[in-house]
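Inspection log for the structure reproduced underneath, given as structure tokens.
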Amino acid sequence: MKNLFYIAVLYGIAKILKFLFEIGTSFFIGKAEYGIFAILISIVLIGTKFTSFGMQNILIREFPRQVSTEKSGELLFNACIISFLLSTVVIAALLLLNLDHIGEYPLILSTVLTTSLIILCSSFLRSKGNTKIWIFYKDIVWYILYFIGLTAAFCFYENSVSLKDVVFIYAVSVLVNFIIVLLYIRFHEMMPVISAASLSKMVNLIKASAPVLMTGLTFLILSRVDVLMLSYYVPLESVGEYNIVSRVVMQLLFPYQIIISFFYPALAKMFAENKPLSDISIYYTKYVKLLFASTIGAFLFLYILVEFFNVFVYFNIEDRETMYNVLYIFSIAYIIYSLIAYYGHVLLYIGKQHVEYYNNTIILSVGILLNLYMIPSLGVTGAALASAIAIVLGCVIQMVQVKLYTGTFFMRVSRQ
């Protein structure tokens, strides 16, 4: 239990640092530049999702099966080759597409590769059960380096930092973090970082990772595509404000994420042991009530901050009426999400994860089409509505599928 507590604390620190990275940077640069920063970060995160290809999940499964550290090193080396090749394709595509701001800040594209490599290399630590070390090296080190660099630049340039400075500090921080992770697994874990390339290993990794990629990619794109599309219809200042508010309200899911990290393994075990669906339903009901209560509690806390402590003033939000709409639209969506998002995991536990290919295609298509339709007429409110509808729709589709496959919604009240 103590170990779980430490993991939760580290995970919380990582979440806070991520929040400060995305929101805190707005205090160092102008509003228009921060709007561009939000666009660049969205491009990087989506690109990284493609280039890591979900392979970290497969590596975590496969590392314990290797007969030696050398074999693990060979597996990781081939995964990194795949990531390098995919990064080359993604970066080339982004340059050819000539997306706004990429040409002005090309260094940002280097983080697509280095972030992917950090994700893959650090997965070896998680596979060995070193979860605390994994969180530290994957999600904390580079944020610390970034804020040290940003603060130093802010002081050196006498309270004046440009977006190019921010991008440079970001790229260098991620690169240094990758080097640190590489040195750690090479000299502390004694795993070789250069090995033989194997076409068969690369093919197997790609085949195994494709379904995992689709599931995580959909939600990430939905949470970022609105920012990218907004930049074509509203001023960059509004893009920046929308990014701040959407990231703030996303923190409603922080208690949810902590809770599921503890409960999902137990739920998976119940399915693996073929427990009666009625027993699982009773357990699920308790679990969902806790998730819902935690999200409602987080929303009430956020509501108090916004309505009574004028938190929007501290974030320098000018279009407050519109951003209130954005906040409450996403809040409603995430509260609903906390009630029914678990159906996606049920599909996995009952062996029906293949339907997620269709689900993700539908959800992503609906989300993009709604953004295309609503943003031109409703602006940032339309972006929030489009994303919220797509998120809730995805959960509803999964809920209906679980009912069809199992005959139950897994929501029952115990008579005891």
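Between Trp134 and Tyr11, the distance from one ring center to the other does not fall under 6.0 angstrom. Close placement of the Phe21 and Tyr170 rings is indicated, their centers lying within 6.0 Å of each other. In this structure, Tyr334 has its ring center at least 6.0 angstrom away from the ring center of Tyr256. Ring centers of Tyr314 and Phe309: at least 6.0 Å apart, outside the cut-off. For Tyr137 and Phe178, the gap between ring centers reaches or exceeds 6.0 Å. Aromatic rings from His188 and Tyr184 are positioned such that their centres are separated by under 6.0 Å.
With rounding to the nearest 0.5 Å, the separation of OH in Tyr233 from CE in Met229 is 6.0 Å.
The backbone N or O of Val112 lies less than 3.5 Å from no partner atom in the side chain of Thr115, so there is not a single donor-acceptor pair. Of the possible polar contacts, none joining the Gln56 side chain to the Ser123 backbone as a donor-acceptor pair under 3.5 Å is found. Between the side chain of Glu22 and the main chain of Lys18, no donor-acceptor pair closer than 3.5 Å is present.
Note on residues 232-246: pairs passing salt bridge (charged side-chain N to carboxylate O under 4.0 Å, His left out), not counting sequence neighbours, are Lys31-Glu241.
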- Does the salt bridge (charged side-chain N to carboxylate O under 4.0 Å, His left out) test come out yes or no for Lys128 and Glu189, once each step is laid out? CA-CA 10 Å; Lys128 294 190 67 176; Glu189 301 296 334; 2.7 Å; yes
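More than 12 heavy-atom neighbours from other residues, nucleotides or ligands sit within 6.0 angstrom of CZ on Phe154.
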